[in-house]
Novice: 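I am attaching a structure below and will ask some questions about it afterwards.
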Amino acid sequence: MTFSITTWNINSVRLRLPIVIAFLEKYAPDVLCLQETKCPNDQFPSGAFRKLGYEHIEVHGQKGYHGVATISRFPLEDANRRTFCEIDDTRHLDAIVRTPDRAVRVHNFYVPAGGDEPNPDINPKFAHKLAFLDEMRNIPADPGCADSALLVGDLNIAPLETDVWSHKQLLKVVSHTPIETETLEDLRLAGGWADLMRNHIPPEEKIFTWWSYRARDWDVSDRGRRLDHVWGSADLEPALRGIEVLREARGWEKPSDHVPVTATFEF
DNA sequence: ATGGTGGTCATACCA
């Protein structure tokens with residue numbers, strides 16, 4: 001069977017419901033993982049997703065900030081919402097996606113952005129980001145009682161030189177500092193996770209999933225970063241058939257500053 | 001060195 005999963009930082013699911021629906025109608029992934037839903041659980045627009053055939057929905061949201069949601073055509077089992085750094089932010093949700101052929105544990109993450117100053121001694125937000133990454137070491141690719149594991153979401157770090165528009169100009173910019181990129185790559189490898197986007201798109205090739213709202217013309221200046229990721233357990237590497245970064249979504253009406261990233265597998 | 005845009009909630013905070 002074919003299985004597809006999309007990760008998308010939507011920057012308010014209620015404001016952007018029209019483009020989320022348009023995306024699902026056209027691309028129809030089996031699972032959609034959203035971040036920055038900015039939506040309390042009791043106000044999540046579940047009905048709109050059910051109408052499209054996504055009957056299995058797990059949310060972990062709060063008012064105004066953060067928030068993740070996993071929306072699926074297949075049953076979701078054993079959902080967990082983890083707390084990181086002893087702060088009750090809604091930044092993580094995991095569940096088993098029960099496809100007919102394989103059970104996949106899917107972790108959906110929204111890693112702290114980290115503020116502007118990349119110095120943990122003077123910037124508590126950056127310290128929080130580094131502490132959060134340390135705690136992510138507790139989530140290895142071992143699928144446990146499932147068959148396979150995925151970790152997707154907005155990790156707010158662009159690890160490779162080709163994950164940013166200018167490696168040199170971003171070395172001191174939060175999201176691409178050596179402490180962040182090295183910590184992320186180290187925890188990924190220690191956890192046994194494969195960077196599935198980079199398995200499919202060679203590291204020589206630039207890939208961006210985010211473009212700032214502040215650019216005069218995001219498309220012309222193209223100062224993007226790869227902040228959104230799809231990691232998988234080793235057994236999923238040979239099953240991967242494609243990665244699509246939907247750049248055109250950045251140009252849609254009232255866009256998110258992130259675009260959807262879809263991974264397709266053949267089990 | 002600075003401010004640029006956008007979302008939330010209602011005044012600054014966060015990205």
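Just so it is clear, the values below take in all heavy atoms, side chains as well, and ignore hydrogens, waters and symmetry mates. In this text, all values refer to a predicted model and were calculated from it rather than measured experimentally. Letters A, B, ... mirror the listed sequences (proteins, then strands); counts begin at 1.
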Novice: If you find the nucleotide of DNA chain B closest to A:Ala215 and the one closest to A:His66, which residue's nucleotide is nearer the 5' end?
Specialist: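 Of the two residues, A:Ala215 wins.
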
Novice: Would you say the side chain of A:Tyr27 lies within less than 4.5 Å of the side chain of A:Thr6, judging by non-hydrogen atoms?
Specialist: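 When only atoms from C-beta onward are counted, A:Tyr27 and A:Thr6 do not touch, as no gap falls below 4.5 Å.
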
Novice: Tell me whether the OP1 or OP2 atom of B:dG7 has a side-chain N or O from A:Arg16 closer than 4.0 Å.
Specialist: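 Checking B:dG7 against A:Arg16, a side-chain N or O does come within under 4.0 Å of OP1 or OP2.
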
Novice: Between A:Lys38 (NZ) and B:dC13 (P), how many Å, whole number?
Specialist: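 In whole Å, B:dC13 P lies 15 Å from A:Lys38 NZ.
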
Novice: For A:Asp89 and B:dT8, give me the distance from atom CG to atom P, rounded to whole Å.
Specialist: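 Interatomic distance, CG of A:Asp89 to P of B:dT8: 17 Å.
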
Novice: Is there a Watson-Crick or G-U wobble partner for B:dC14 with both distances under 3.5 Å, and if so, which one is it?
Specialist: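 B:dC14 is paired with B:dG6.
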
Novice: With a cut-off of less than 4.0 Å, is there a side-chain N or O of A:Lys254 near OP1 or OP2 of B:dG7?
Specialist: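 Yes.
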
Novice: Output the single nucleotide from B:dT8, B:dC14, B:dA15 whose closest atom is nearest the side chain of A:Tyr65.
Specialist: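 Nearest to the side-chain atoms of A:Tyr65, counting from C-beta on, is B:dC14.
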
Novice: Between A:His107 and A:His92, is the ring centroid distance below 6.0 Å?
Specialist: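 For A:His107 and A:His92, the ring centres are under 6.0 Å apart.
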
Novice: Is it true that A:Asp222 and A:Arg250 have a side-chain N and a carboxylate O under 4.0 angstrom from each other?
Specialist: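 Result for this pair is no, no salt bridge flagged.
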
Novice: Expressed in whole Å, how much space separates the P atoms belonging to B:dA12 and B:dA1?
Specialist: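 Rounded to whole Å, the distance is 28 Å.
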
Novice: So, is A:Ser12 near the phosphate of B:dT8, with a side-chain N or O under 4.0 Å from OP1 or OP2?
Specialist: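 Yes, within the criterion.
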
Novice: Check the distance between B:dA15's P and A:His128's NE2 and give it to me in whole angstrom.
Specialist: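 About 10 Å, once rounded to whole Å.
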
Novice: Please report, rounded to the nearest Å, how far the C1' atom of B:dA1 is from the NZ atom of A:Lys172.
Specialist: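 Distance check: A:Lys172 NZ to B:dA1 C1' gives 15 Å.
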
Novice: Given that A:Lys125 and A:Ser212 both sit by DNA chain B, which one's nearest nucleotide is further toward the 5' end?
Specialist: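 Taking each residue's closest nucleotide, the earlier one in sequence belongs to A:Ser212.
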
Novice: Got A:Phe208 and A:Trp218 here, is their nearest side-chain heavy-atom distance under 4.5 Å?
Specialist: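 When only atoms from C-beta onward are counted, A:Trp218 and A:Phe208 do not touch, as no gap falls below 4.5 Å.
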
Novice: Roughly how many Å is it from CG in A:Asp257 to C1' in B:dG7, rounded to a whole number?
Specialist: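 After rounding, the gap between these two atoms is 10 Å.
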
Novice: Please report, rounded to the nearest Å, how far the C1' atom of B:dA15 is from the CD1 atom of A:Ile157.
Specialist: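 Between C1' of B:dA15 and CD1 of A:Ile157: 15 Å.
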
Novice: How far, in whole Å, is B:dT2 from B:dG6 if one measures between their P atoms?
Specialist: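 Taking atom P in both B:dG6 and B:dT2, they lie 23 Å apart.
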
Novice: Around atom CD of A:Glu248, are there more than 12 heavy atoms from other residues, nucleotides or ligands closer than 6.0 Å?
Specialist: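 Result for CD/A:Glu248: enclosed.
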
Novice: Whole-Å distance between B:dA15 C1' and A:Glu117 CD?
Specialist: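 Between C1' of B:dA15 and CD of A:Glu117: 17 Å.
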
Novice: Output the rounded distance in Å from CG (A:Asn156) to C1' (B:dC14).
Specialist: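 Taking atom C1' of B:dC14 as the reference, CG of A:Asn156 is at 12 Å.
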
